[in-house]
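Read through the structure below, which is laid out as structure tokens, and then see the notes.
All chains are named by letter (A, B, ...) in the order of the sequence lines, taking the proteins before the strands, and each is independently numbered beginning at 1.
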There are 2 protein chains.
Amino acid sequence: MTIRKGQRFMVGLNAVIVAVTDESPRVLTVRGSELSMTDDHELAALPFGPLDAEKDRTLERGVRGWVREQTGLELEYVEQLYTFGDRHRHPIEHQGGPRMLSIAYLALIREVKLALDSRAKWLDYYSFLPWEDWRRGRPKVLDQVILPKLEEWVTGTEEWASRTHRQERLAIAFGLGGSEWDGEKVLERYELLYEAGIIDESVRTYRGKRRPSTAVEKRELMGRRMALDHRRMLATALGRLRGKIKYRPVVFELLSPTFRLLQLQRVVEALAGVRLHKQNFRRLVDRGGLVEGTGQIDSETGGRPAELFRFRREVLTERRAPGVGLPTS
Amino acid sequence: MTIRKGQRFMVGLNAVIVAVTDESPRVLTVRGSELSMTDDHELAALPFGPLDAEKDRTLERGVRGWVREQTGLELEYVEQLYTFGDRHRHPIEHQGGPRMLSIAYLALIREVKLALDSRAKWLDYYSFLPWEDWRRGRPKVLDQVILPKLEEWVTGTEEWASRTHRQERLAIAFGLGGSEWDGEKVLERYELLYEAGIIDESVRTYRGKRRPSTAVEKRELMGRRMALDHRRMLATALGRLRGKIKYRPVVFELLSPTFRLLQLQRVVEALAGVRLHKQNFRRLVDRGGLVEGTGQIDSETGGRPAELFRFRREVLTERRAPGVGLPTS
DNA sequence: TCCCCTTATACTCAAAGTGAGCATATACTA
DNA sequence: TAGTATATGCTCACTTTGAGTATAAGGGGA
């Protein structure tokens, strides 16, 4: 095994920065004009920058640096999400540029006001993935666009084995035929939509073929596009986050130090994309030792005043996997 | 944001390939002599190779290629684990070489006989992380070496905040003072041991300081070293795997198509590092719809003959998170 | 003032799931 | 034939969960 000298790579760092305000989840975006190098000059993009081989001691520091530079924000909770490295993910590769790798990070933050002149903007997370938000019932885009198209895609292959396989993936990802909808399977769903050509992202070619695209009038139902494969990163992040809230107390990164239980519930619902059973939710977080009352009362509720709670840090030493649990309603 | 031309990077691909044979978990290793570039010419290393910017269409293909080349194995189940990118992880960086990134993958496989002349070798997973194996009771290395040293490390800092923080991390990671041992916290434990200088890996410098190392006579209790930060990758992989078996039916990747329930249990125990309650374990996998009897009988048990079972694929469409569950005994 | 709307919070009750163990069946071996 | 090993069925108390019912306490408007 010979160690060759460095080939031509560019290593990009991306951040999926999530906040929840006014009961709706948001992601921090920048304008992706230069980035996308396509005709779509105003696609939203994730904060992005190349890793500096000399200056960035760790990947995480690199991410924090780029976010600071592009948005003015100082991140707290940050975790590595996934490394994307398929060839031709980025247009520069088509132009003889270096091979592009992107290491995506997930960050959670209490939403902050951005400077007016900031290039960054908070956008509704579900505006990119509308089929993931079930809080007001089953999203209509599912039955109006997605499932019909996916059924077509399933029957669109001759081979029996291939067809069965597609059918099974569809059933699992979208909760068909005996399966239930699983909120965590965000990426699986995105990938089916991508493979079936129901969403078309800005990278024009994939294995040399132009993908078929959905009729224009339906497109808006399918949510906003993002630059490059950033929407895939969004899907990856949401899936990870939905899993994680169940066994790590990460929601509290999105809340102020004290909060009403209903606020906590709304944040969880925003991430999980479903409504929860109120009484059982409080039972879980309270008896589960995740929160403790502060004794303070908040009267800004519009109803009976509520007690303010705080995160109980000790739960970390008491329980193995302290997360919130989703008593779906 | 300017896109600069490719800086000097080298992108390495590593594979943590896991199998379970004779009730003990194993990892596939190659000899790390060239790799480590240190005096330790015979440290075990993970199969490794640089990503080829031109030839490897995807990262996963790159990994499969290197594994094939170095071990002759054809991988099936593969998932991305983590990307390691801290500066000075690799000695070539000290010598003015390119910045080294390593993308680690986890692969599960039914153990195969290797060619006699193969450079690869199966080694016991717990020989590298002995404190993780509780199947024969609490590992003695914990009380004989680890905990005393870690207590020292905690009291070794003056600042109160720092001390409390260390104390809390210790309690959570190693199940002290009200906490219980959590099998999934493999990486947290590794990182404490690393920070406290209780294990010393082959990269000599870290932020310029030589780390203190444990007295030689105790070192063997702390398990074998690996080249570079490969033992950290092992820890990352084991933590991930222990989590994953609980909600994805990945164990079956390690078993032949039909098996006795006790075989299944032994494989789970090997990964989880604990003994399980037999009757409850069968209840879980059986009533949980994870397996189904084949009607065939296996008399090679040494006791009453057992029915052979197979994985029930349909469970994927029936349950959201089908994993095995650990009825600890 | 009182009714109504809103949110908060306590409590119940059945069903399902889990931890721990007893009991029995069927092989092989000394 | 006793003893050991594995396989498998079943019990029982306890906890957790799903789905409600009931009541408390604020504000606004008729």
Side-chain angles (χ1 to χ4, degrees), chain A residues 22-23 180-181 183 246-247 258-269 272 274-310 315 318-329, chain B residues 22-23 180-181 183 246-247 258-269 272 274-310 315 318-329:
Chain A
D22 299 334
E23 312 193 349
E180 275 174 84
W181 182 271
K246 289 174 193 154
Y247 63 92
T258 66
F259 46 82
R260 286 176 287 118
L261 290 184
L262 190 58
Q263 283 179 320
L264 173 59
Q265 183 180 339
R266 293 295 180 230
V267 172
V268 175
E269 288 175 340
V274 289
R275 288 230 156 274
L276 303 176
H277 185 285
K278 191 171 176 174
Q279 298 90 321
N280 289 347
F281 180 79
R282 359 174 88 239
R283 179 172 63 185
L284 281 179
V285 296
D286 193 16
R287 300 228 184 125
L290 238 71
V291 298
E292 62 189 354
T294 64
Q296 299 171 65
I297 298 295
D298 178 3
S299 308
E300 312 289 298
T301 58
R304 166 174 169 178
E307 183 169 8
L308 286 173
F309 287 75
R310 76 166 72 89
V315 77
E318 295 164 2
R319 287 173 47 196
R320 325 120 246 277
V324 288
L326 306 179
T328 176
S329 168
Chain B
D22 299 334
E23 312 194 349
E180 276 174 83
W181 182 271
K246 288 173 192 155
Y247 63 93
T258 67
F259 45 83
R260 286 175 288 115
L261 290 185
L262 190 59
Q263 280 179 320
L264 173 59
Q265 183 180 340
R266 293 295 181 230
V267 173
V268 174
E269 288 174 341
V274 289
R275 289 232 155 272
L276 303 177
H277 184 285
K278 191 170 177 174
Q279 296 91 322
N280 289 347
F281 179 80
R282 4 175 84 239
R283 180 173 63 185
L284 280 179
V285 296
D286 193 16
R287 299 227 184 124
L290 236 73
V291 299
E292 63 190 355
T294 62
Q296 299 170 65
I297 298 295
D298 177 5
S299 309
E300 313 289 299
T301 57
R304 169 175 166 177
E307 183 168 9
L308 285 175
F309 287 75
R310 74 166 73 88
V315 77
E318 294 164 1
R319 286 173 47 196
R320 325 116 253 278
V324 288
L326 307 179
T328 176
S329 168

Between D/dA25 (C1') and A/Glu307 (CD): distance, integer Å: 14 Å
Take B/Asn280 and B/Leu261, find for each the nucleotide of DNA chain D with the closest heavy atom, and name the residue whose nucleotide sits nearer the 5' end. B/Leu261
A/Leu308 CG to C/dT9 P: how many Å, rounded? 9 Å
Please determine whether a side-chain nitrogen or oxygen atom of A/Lys278 lies at a distance below 4.0 Å from atom OP1 or OP2 of C/dA8. yes
Between D/dA25 (C1') and A/Glu300 (CD): distance, integer Å: 15 Å
Assign B/Ser329 to base, sugar-phosphate, or nothing according to its heavy-atom contacts below 4.0 angstrom with the strands shown. nothing
Gap separating the CD atom of A/Gln265 from the CG atom of A/Leu326, nearest 0.5 angstrom: 10.5 Å
How far does CD of A/Gln263 sit from CG of A/Asp298, to the nearest 0.5 angstrom? 7.0 Å
Give B/Leu262 one of three labels, base, sugar-phosphate or nothing, depending on what nucleic acid heavy atoms sit under 4.0 Å from its own. sugar-phosphate
Once you round it to whole Å, what is the distance between P of C/dA20 and CZ of B/Arg282? 19 Å
Choosing from C/dG21, D/dA7, D/dT11, which nucleotide comes nearest the side chain of B/His277? C/dG21
Tell me: CD of A/Glu180 to C1' of D/dG18, nearest whole Å? 13 Å
So if I define the base as every atom that isn't primed, P, OP1 or OP2, how would nucleotides 23-30 of chain C read as a B/S/- string at a heavy-atom cutoff under 4.0 Å? B-BBB---
Does B/Arg260 reach a base, just sugar-phosphate, or nothing at all? Heavy atoms under 4.0 Å. sugar-phosphate
Note: for A/Phe309 and A/Arg283 on DNA chain C, the residue whose nearest nucleotide lies more 5' is A/Phe309
Nearest-0.5 Å distance, CG of residue B/Leu308 to CZ of residue B/Arg260: 8.0 Å
Between the CZ atom in B/Arg266 and the CG atom in B/Leu261, the distance rounded to the nearest 0.5 Å is 12.0 Å
Roughly how far, to the nearest 0.5 Å, is the CG atom of B/Leu276 from the CZ atom of B/Arg282? 13.0 Å
Nearest 0.5 Å please: distance from the CZ atom of B/Phe309 over to the CG atom of B/Asp286. 5.5 Å
Rounded distance (Å) that lies between atom P of D/dT8 and atom CD1 of B/Ile297: 7 Å
Of all the nucleotides listed (D/dG18, D/dT8, C/dT9), which has the minimum atom distance to the side chain of A/Ala306? C/dT9
In whole angstroms, how far is the P atom of D/dA7 from the CD atom of B/Gln296? 16 Å
Length of the CG-P vector between B/Asp286 and D/dT8, whole Å: 10 Å
Side-chain donor/acceptor of A/Glu307 to backbone N/O of A/Ile297, under 3.5 Å: no
